[in-house]
Amino acid sequence: MHGRRVVVTGMGVVSAIGQNLPEFWESLKEGRSGIGPIESVDRTKLRFSNGAEVRSFNPLNYFDEKRSEMLDRFAQFAVVAAREAVADAGITWTPELRERTCVTTGSGIGGERAHDEGFSDLYRENRGRVHPLTVPRVMPNAGASHISMEFGITGPVFTISTACSSSNHSIGNAFWMVRNGLVDLALTGGSESPFTYGYLKSWEGLRVISSTTCRPFSKNRDGMILGEGGGMLVLESLDAARARGVRIYGEIVGFGMSADAFHLTQPSPEGASRAVRAALHDGGVPPEEIGYVNAHGTATVTNDSMEARVIHMVFGEHADRVGVSSTKSLHGHVLGGAGAIEAIATVLALHHGILPPTGNYAEPDPACDIDVIPNVSRAQTVEYALSNSFAFGGLNAVLAFRRWEG
Amino acid sequence: MTDVLTQRVTAIIAKSAKRDEAAISAETTFEQLGLDSLDALGVISALEDEFNVSIPNEEVARIRNVGHAIESLGKLLALTSGGGKTSPER
């Protein structure tokens, strides 16, 4: 390990299982799923019916009309989550701090809804124009930019787009910037809002979406359930957190990355293992210290058996003692926002000493011979945990966290 | 009808795989044609377009060779010509 120790002092989340941190955690603890019939798109036109939407989310509860016009839904999620995280961390902004703060977000597709509506007007309605704000609504960095403007943050601000690994890449880079002293505070996470007819049809074509529900690691799993939402974390140096006397949720200790260089959509256990090992190495964490893994766990036939292999490859004999759950079973696969929501779940698990379950687990699969914490959360104090993201295009990003005592 | 179906399916698969139709039989697997899982999705999509049907995921998972594709389409087309509705609508 090198550089400053970095801790998590605030978190904010909008998801299908809770539109704030306390609600989100309650749902995780209870194993309560937010998966249900898709409401925002005509599901009779789709081969699948279910999704994990953020229901009854009214942007006007958070933004005035003028501001809400500028923000696609994915950016709204990012800003709302950022507000909660900043308030949660009790930050007092000064001009100096604003310059020494970074904002990093992850998003796979940016303002997909604005894109879809604008182009639908053009191609289908034959309107001669799209909304003049379409470009800034659609750009994947919109979340980060609006957060930066809202809080007056003038340090490094950027967005990483690596499909399902976007948020982990974003959080990992923010962690490194705080660790190496480039910034003193990081507001980091990601968001996604994928529920448009065109985009859902695109996923339909890949044939990896479940026609029922998300059953990670279960023998009868039949694919993913898409989700939406956003998550943001506040990271700062341990010294700064102590000086402020702020409550510390946990410590972020490692970040690992790798590429499979294998296949556009099929994952590789060798590639994924490299990222897991890299995270452990970066944090100086011996594998046998890991007690919990928040899995990528999309519930596709391919990912889950691959990920179970990775657990065995990395942990060897210790694999039996690692609890592995996929919270995607509850909040869906939020794509570019997945890593952020799952990092928050992982930190909360360490903080509360309760490991969230893999929901909808029905039938053990010999190819997924791991402890999946089936259906019911487990009270267990764990010292170190990992959160995995393994994206299309073979891009892997893994975060390592440590429980904070006291 | 069966001959025409076989011919049309074979033509589409041959075009996707860039192979000679004469070299393709019912037993020819997608793997033998050099089609990986992503290529296979393209072939299925082209078949859906050609026959104006929607092939369900479970059915697609079973299609490993040309013969399976012909069988699946035969079943779906029998459903539609019998007045049944394939879902979802295109």
Side-chain angles (χ1 to χ4, degrees), chain A residues 37-38 41-51 124 163 195-215 218-226 260-268 298-306 365 367 390-394, chain B residues 8-9 12-13 15-18 29-90:
Chain A
I38 293 168
V41 170
D42 183 358
R43 60 181 181 269
T44 64
K45 292 180 168 177
L46 301 170
R47 196 179 277 129
F48 52 88
S49 307
N50 297 326
R124 192 180 58 182
F195 290 94
T196 66
Y197 180 54
Y199 195 61
L200 294 184
K201 269 292 179 190
S202 306
W203 275 97
E204 187 187 282
L206 270 179
R207 299 181 180 272
V208 292
I209 307 285
S210 167
S211 52
T212 55
T213 191
C214 179
R215 302 185 185 283
S218 210
K219 186 146 199 291
N220 57 343
R221 64 188 183 276
D222 68 338
M224 298 168 30
I225 291 287
L226 289 168
D260 291 347
F262 171 59
H263 192 275
L264 202 55
T265 54
Q266 300 295 321
S268 148
T298 54
T300 62
V301 172
T302 339
N303 174 82
D304 292 4
S305 47
M306 183 280 303
D365 180 355
F390 306 135
F392 276 174
Chain B
R8 282 169 79 192
V9 172
I12 293 206
I13 294 176
K15 188 173 173 196
S16 297
K18 296 185 173 46
T29 65
F30 282 14
E31 206 183 324
Q32 284 167 339
L33 291 169
L35 300 170
D36 74 1
S37 56
L38 282 183
D39 300 322
L41 287 179
V43 168
I44 300 295
S45 185
L47 289 170
E48 287 183 317
D49 277 344
E50 168 77 5
F51 294 98
N52 195 24
V53 292
S54 176
I55 307 175
N57 286 357
E58 316 81 67
E59 204 56 35
V60 168
R62 282 198 282 271
I63 297 175
R64 293 268 168 272
N65 63 33
V66 175
H68 294 155
I70 295 167
E71 264 173 55
S72 285
L73 282 159
K75 277 191 302 196
L76 280 167
L77 290 168
L79 274 173
T80 44
S81 67
K85 185 170 181 281
T86 52
S87 109
E89 55 188 79
R90 294 204 69 233

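Naming convention: chains lettered A, B, ... in sequence-line order (proteins, then strands); numbering from 1 in each chain. Basis for what follows: all heavy atoms, side chains included, without hydrogens, waters or symmetry-related copies.
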Report, as yes or no, whether the 6.0 Å neighbourhood of atom CD on B:Glu31 holds more than 12 heavy atoms from other residues, nucleotides or ligands.
no
Can you confirm whether more than 12 heavy atoms, excluding those of A:Lys219, are under 6.0 Å from its NZ atom?
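Check fails, neighbour count at 12 or below.
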Can you pull out the residues in residues 57-66 of chain B with any heavy atom less than 4.5 Å from chain A?
B:Asn57, B:Val60
Only counting residues at least two apart or in another chain, list the ones meeting side chain to side chain contact (heavy atoms under 4.5 Å, CB included) with A:Ser49.
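With neighbours one apart ignored, the set is A:Arg43.
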Which atoms of A:Ile209 come close to chain B, meaning under 4.5 Å heavy atom to heavy atom: side chain ones, backbone ones, both, or neither?
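Only the backbone of A:Ile209 comes within 4.5 Å of chain B.
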Listed partners of B:Phe51 passing ring pair (Phe, Tyr, Trp, His ring centres under 6.0 Å), at least two apart
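B:Phe51: no ring pair (Phe, Tyr, Trp, His ring centres under 6.0 Å) contacts found.
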Mind listing the closest non-hydrogen atom pair of B:Leu41 and A:Arg207 along with its distance?
CD2-CD, 3.7 Å
Evaluate the side-chain proximity of A:Gln266 to B:Asp36: yes if any heavy-atom separation is below 4.5 Å, no if none is.
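The answer is no; the side chains never approach within 4.5 Å.
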Checking A:Arg221 now: which residues fulfil side chain to side chain donor-acceptor pair (under 3.5 Å) with it, not counting sequence neighbours?
A:Asp365
